[in-house]
S.K.: 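Provided herewith is a single structure, encoded as structure tokens, for subsequent inquiry.
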Amino acid sequence: MLVEVKVPSVGESVQEGMIESWRKASGEMVERDEIILELETDKATVEVPAAVTGRLAILAEKGQVVKVGQVIATIDETQEAKASPTQKTQEAKTNTETKLEPLDPGPAVNRIVREEQIDLKSYQGSGKDGRVTKEDILGANAKPAVSAKQEPVVSIVKSDKLPEAGRVATSRPMSMIRRRIAERLLEVQKNAAILTTFNEVDMTEVINLRNKYKDLFQKKYQIKLGFMGFFLKASVLALEEYPNVNAYIEGTDIISHPYCDIGVAVSTEKGLMVPVLRDVQKMSLMQIEAAIANYSTKARENKISLDDLSGGTFTVSNGGVFGSLLSTPILNPPQSAILGMHKTQDRAVVMPDGSIRARPMMYLALSYDHRIIDGKEAVGFLVKIKEGIEDPARLVLGV
């Protein structure tokens with residue numbers, strides 16, 4: 001009996017996804033609950049298991065965009081009894097000893113083959129299971145299997161003059177996350193009156209406090225003490241004093257929040273993700289650092305869920321870890337504000353007594369929707385952040 005493998009529903013707002021990779025090849029045996037593919041959505045990467053044991057037949061290739069509920073493969077349960085361990089071993093041996101016919105390379109390559117009348121047998125594929133990829137044909141990884149006397153096809157560019165080495169453009173589909181990022185950035189630029197206000201903060205006191213207690217902190221909690229926890233604590237004090245920064249516009253209404261659900265931007269190989277820390281106003285410095293560490297681990301392992309990314313009333317982004325000295329962060333809709341942290345750098349500062357000293361300074365940027373937040377509120381918000389970081393005792397006392 002054939003069992004259909006369909007694109008699972010992974011959230012109300014997710015209607016499609018992209019097949020990131022197949023863990024199994026078409027024709028292979030799969031076991032019940034074995035992960036057979038990874039599906040990328042605009043929120044996260046989802047692992048899809050096999051519902052039954054049997055032989056897999058793939059209907060949608062890697063990189064293909066598929067809809068929720070679409071059939072992307074089948075599993076033939078009748079093959080389960082036929083594929084005994086002895087047969088599997090013999091099958092594997094036969095595959096290695098016998099030259100197989102070229103595998104279906106997928107729609108993109110098939111289109112090029114038709115248009116350019118290319119013989120796939122003249123190429124040694126670099127893709128999975130020896131499949132010929134688009135890059136193989138374009139010349140990026142071309143390894144013709146023909147004799148040295150025969151000139152290989154180096155480009156499909158329609159021109160009398162062959163392109164120079166290293167100047168062949170390649171194409172690849174945007175990931176679902178990158179597509180969604182692009183859509184949201186354009187959306188917020190069109191629908192919000194974005195303005196950015198700057199300030200700078202002297203990091204001396206918080207650096208000294210961290211250096212003094214970081215070893216004791218890690219020994220007691222098994223968590224590293226960073227700077228993000230201090231900025232989130234300072235953000236809570238500022239959000240409570242300036243509630244419009246913690247609100248957003250919905251139609252003609254202002255939606256206010258009596259809690260601080262703060263998103264922390266995390267950079268991953270697939271793009272920027274913003275997991276949300278819930279009720280930060282109730283969290284200790286240790287709990288904040290533990291939550292950030294947990295999200296960093298989940299991001300590296302592609303285990304961040306839709307629930308982790310949903311909601312949020314305010315966002316903090318730290319471009320300083322990449323060396324950014326100054327930037328204007330873009331809002332994370334529907335939120336009305338985002339705080340940008342930057343690189344800490346020694347600069348000459350005039351002290352209250354008139355002397356000039358080198359101090360570790362950081363530029364702060366608050367981008368906000370001017371429809372709901374006035375300039376006076378934005379400036380006051382940054383001053384509140386500055387006060388908390390330059391005098392960390394305020395963060396403990398909540399003043």
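Position 1 is the first residue of the sequence; numbering continues from there.
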S.K.: Counting only N and O atoms by type, is there a donor-acceptor contact under 3.5 Å from the side chain of N294 to the main-chain atoms of A290?
M.R.: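 No.
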S.K.: Is there a side-chain contact between K343 and M362 (heavy atoms, below 4.5 Å)?
M.R.: no
S.K.: State which residues pass side chain to side chain donor-acceptor pair (under 3.5 Å) with T197; sequence neighbours excluded, sorted by chain then number.
M.R.: Y368
S.K.: Starting at CE of M203, measure out to CZ of R359 and round the result to the nearest 0.5 Å.
M.R.: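 Reported value, rounded in 0.5 Å steps: 12.5 Å.
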S.K.: From the options K6, Q64, E4, select the one residue that forms a side chain to side chain contact (heavy atoms under 4.5 Å, CB included) with Q70.
M.R.: Q64
S.K.: Through direct or indirect side-chain contacts below 4.5 angstrom among Ile, Leu, Val, Met, Phe, Trp and Tyr, which residues connect to V350?
M.R.: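 Joined to V350, directly or through intermediates: I356.
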S.K.: Taking NZ, NE, NH1 and NH2 as the nitrogens, is one of them in R371 or D369 under 4.0 Å from a carboxylate oxygen of the other?
M.R.: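 Looking at D369 together with R371, the answer is yes, because their closest N to O distance falls below 4.0 Å.
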S.K.: Are side-chain heavy atoms of L216 and K220 found at a separation under 4.5 Å?
M.R.: no
S.K.: Examine distances only and state if a side-chain atom of E38 and a backbone atom of I19 form a donor-acceptor pair shorter than 3.5 Å.
M.R.: no
S.K.: Less than 4.5 Å apart, side chain to side chain, heavy atoms only: is that true for I373 and H370?
M.R.: no
S.K.: Looking only at heavy atoms, what is the nearest atom pair of M283 and L277, with distance?
M.R.: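 So the minimum-distance heavy-atom pair works out to CE-CD2, 4.4 Å.
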S.K.: Nearest 0.5 angstrom please: I72 CD1 to L39 CG, how far?
M.R.: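 Here the interatomic distance stands at 6.5 Å.
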S.K.: Taking side chain as C-beta onward, heavy atoms only, is I254 less than 4.5 Å from S256?
M.R.: yes
S.K.: Look only at the side chain of Q189 and the backbone of L186, and say whether a donor-acceptor pair between them is shorter than 3.5 Å.
M.R.: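 No; judged by distance alone, with no hydrogens or angles, the pair does not exist.
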S.K.: Under 3.5 Å, side chain of W22 to main-chain N/O of A60, donor-acceptor pair present?
M.R.: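 Yes, W22 side chain to A60 backbone: donor-acceptor pair under 3.5 Å.
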S.K.: How close do I389 and A234 get, counting heavy atoms only, and between which atoms?
M.R.: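 Distance-wise, the nearest heavy atoms are CD1-CB, 4.2 Å.
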S.K.: If you draw the axis of the six-membered ring of F227, does the NZ or CZ of R210 fall within 45° of it and under 6.0 Å from the ring centre?
M.R.: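 Yes, R210 and F227 form such a contact.
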S.K.: Going through the checks in order, is the side-chain hydrogen bond (donor to acceptor under 3.5 Å, both in side chains) test met by D261 and T313?
M.R.: CA-CA 5 Å; D261 287 356; T313 61; 5.8 Å; no
S.K.: Below 4.5 Å, heavy atoms only, C-beta onward: do Q218 and L225 meet side chain to side chain?
M.R.: no
S.K.: For the backbone of I292 and the side chain of S296, can you confirm whether one donor and one acceptor N or O come within less than 3.5 Å of each other?
M.R.: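 Indeed, once roles are kept as given, a pair shorter than 3.5 Å links the two residues.
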S.K.: Is L382 reachable from V349 through a run of I, L, V, M, F, W or Y residues, each pair having side-chain heavy atoms under 4.5 Å apart?
M.R.: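 No, separate clusters.
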S.K.: Does some side-chain heavy atom of V52 sit less than 4.5 Å from a side-chain heavy atom of M1?
M.R.: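 Of all side-chain heavy-atom pairs linking V52 with M1, none is under 4.5 Å.
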S.K.: Strictly by side-chain hydrogen bond (donor to acceptor under 3.5 Å, both in side chains), give each pair with a member in residues 381-390 just once, sequence neighbours left out.
M.R.: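 Those involving residues 381-390 are E241-K384, K386-E390.
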S.K.: Check I58 against A73 and note the closest heavy-atom contact, atom names and distance.
M.R.: CA-CB, 4.1 Å
S.K.: Let me see the working for E77 and T53 under side-chain hydrogen bond (donor to acceptor under 3.5 Å, both in side chains), right down to the final yes or no.
M.R.: CA-CA 6 Å; E77 282 189 290; T53 298; over 6 Å; no
S.K.: Distance check, rounded to the nearest 0.5 Å: T78 atom OG1 versus L2 atom CG?
M.R.: 7.0 Å
S.K.: Identify the two heavy atoms, one from S336 and one from N244, that lie closest to each other, and give their separation to 0.1 Å.
M.R.: CB-O, 4.4 Å
S.K.: What closest approach, in Å, do Y259 and Q281 show between heavy atoms, and which atom pair accounts for it?
M.R.: CB-NE2, 3.7 Å
S.K.: Does F230 share a hydrophobic cluster with Y213, counting links as ILVMFWY side-chain heavy atoms below 4.5 Å and allowing steps through other members?
M.R.: yes
S.K.: Kindly check if the number of other-residue, nucleotide or ligand heavy atoms within 6.0 Å of NZ (K298) is above 12?
M.R.: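 Count over threshold, so yes.
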S.K.: Check step by step if salt bridge (charged side-chain N to carboxylate O under 4.0 Å, His left out) holds for R23 and E34.
M.R.: CA-CA 9 Å; R23 298 278 188 88; E34 181 181 9; over 6 Å; no
S.K.: Honestly curious: do Y295 and L339 fall in one hydrophobic cluster under the side-chain, below-4.5 Å linking rule?
M.R.: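 Yes: a chain of side-chain contacts under 4.5 Å links Y295 to L339.
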S.K.: Would you check if F314 and S235 make a side-chain contact, meaning some heavy-atom pair closer than 4.5 Å?
M.R.: yes
S.K.: Under 4.5 Å between side-chain heavy atoms, counting indirect links through other Ile/Leu/Val/Met/Phe/Trp/Tyr residues: same cluster for I330 and V264 or not?
M.R.: no
S.K.: Show your reasoning for whether side chain to side chain contact (heavy atoms under 4.5 Å, CB included) applies to I385 and L364.
M.R.: CA-CA 9 Å; I385 298 285; L364 298 179; 3.7 Å; yes
S.K.: How long is the straight-line distance from NZ of K224 back to CG of D215, given to the nearest 0.5 Å?
M.R.: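 Output value for this atom pair is 11.0 Å.
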S.K.: Which residues pass the side chain to side chain contact (heavy atoms under 4.5 Å, CB included) test with P392, not counting sequence neighbours?
M.R.: E205, V206, L209
S.K.: For A25, is there any backbone N or O sitting under 3.5 Å from a side-chain donor or acceptor partner on E28?
M.R.: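 Flag set: sc E28 to bb A25 pair under 3.5 Å.
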S.K.: Below 4.0 angstrom, N of the basic side chain to O of the carboxylate: do D76 and R55 qualify?
M.R.: no
S.K.: For side chain to side chain contact (heavy atoms under 4.5 Å, CB included), just list the numbers for L239 and F381, CA-CA rounded to whole Å, side-chain angles, deciding distance to a tenth of an Å, and then say yes or no.
M.R.: CA-CA 7 Å; L239 290 170; F381 183 90; 3.6 Å; yes
S.K.: Minimum heavy-atom separation for A50 to E31, with atom names?
M.R.: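 Here A50 and E31 meet closest at CB-O, 3.5 Å.
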S.K.: List in chain and number order the residues that pass side chain to side chain donor-acceptor pair (under 3.5 Å) with Y248, two or more places apart in sequence or in another chain; answer none if no residue qualifies.
M.R.: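 So Y248 forms no side chain to side chain donor-acceptor pair (under 3.5 Å) with any residue.
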S.K.: Could you check if a side-chain atom of P360 sits within less than 4.5 angstrom of a side-chain atom of D202, using non-hydrogen atoms only?
M.R.: yes
S.K.: Between V66 and V3, is there a shared hydrophobic cluster once you connect ILVMFWY residues whose side-chain heavy atoms come closer than 4.5 Å?
M.R.: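 Same cluster: V66 reaches V3 through Ile, Leu, Val, Met, Phe, Trp or Tyr contacts under 4.5 Å.
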S.K.: Check the pair I75 / V5 against side chain to side chain contact (heavy atoms under 4.5 Å, CB included), numbers first and verdict last.
M.R.: CA-CA 7 Å; I75 299 176; V5 179; 3.9 Å; yes
S.K.: Roughly how far, to the nearest 0.5 Å, is the CD atom of E20 from the NZ atom of K62?
M.R.: 8.0 Å
S.K.: Going by the rule side chain to side chain contact (heavy atoms under 4.5 Å, CB included), which residues pair with R347 if we only count those two or more places apart in sequence or in a different chain?
M.R.: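 Only E200, L325, Q345, M361, Y363 meet the side chain to side chain contact (heavy atoms under 4.5 Å, CB included) criterion with R347.
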S.K.: I'd like to know whether the aromatic ring centres of F217 and Y221 sit less than 6.0 Å apart in this structure.
M.R.: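 Between Y221 and F217, which both carry aromatic rings, the centre distance is below 6.0 Å.
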S.K.: Please determine whether side-chain hydrogen bond (donor to acceptor under 3.5 Å, both in side chains) holds for the pair S367 and T196, giving the CA-CA distance in whole Å, both sets of side-chain angles, and the decisive distance to 0.1 Å.
M.R.: CA-CA 4 Å; S367 290; T196 304; 2.8 Å; yes
S.K.: Which value, rounded to the nearest 0.5 Å, describes the distance between I338 atom CD1 and L331 atom CG?
M.R.: 7.0 Å
S.K.: Please lay out, stage by stage, how K233 and V236 fare under the test side chain to side chain contact (heavy atoms under 4.5 Å, CB included).
M.R.: CA-CA 5 Å; K233 293 289 285 185; V236 167; 5.9 Å; no
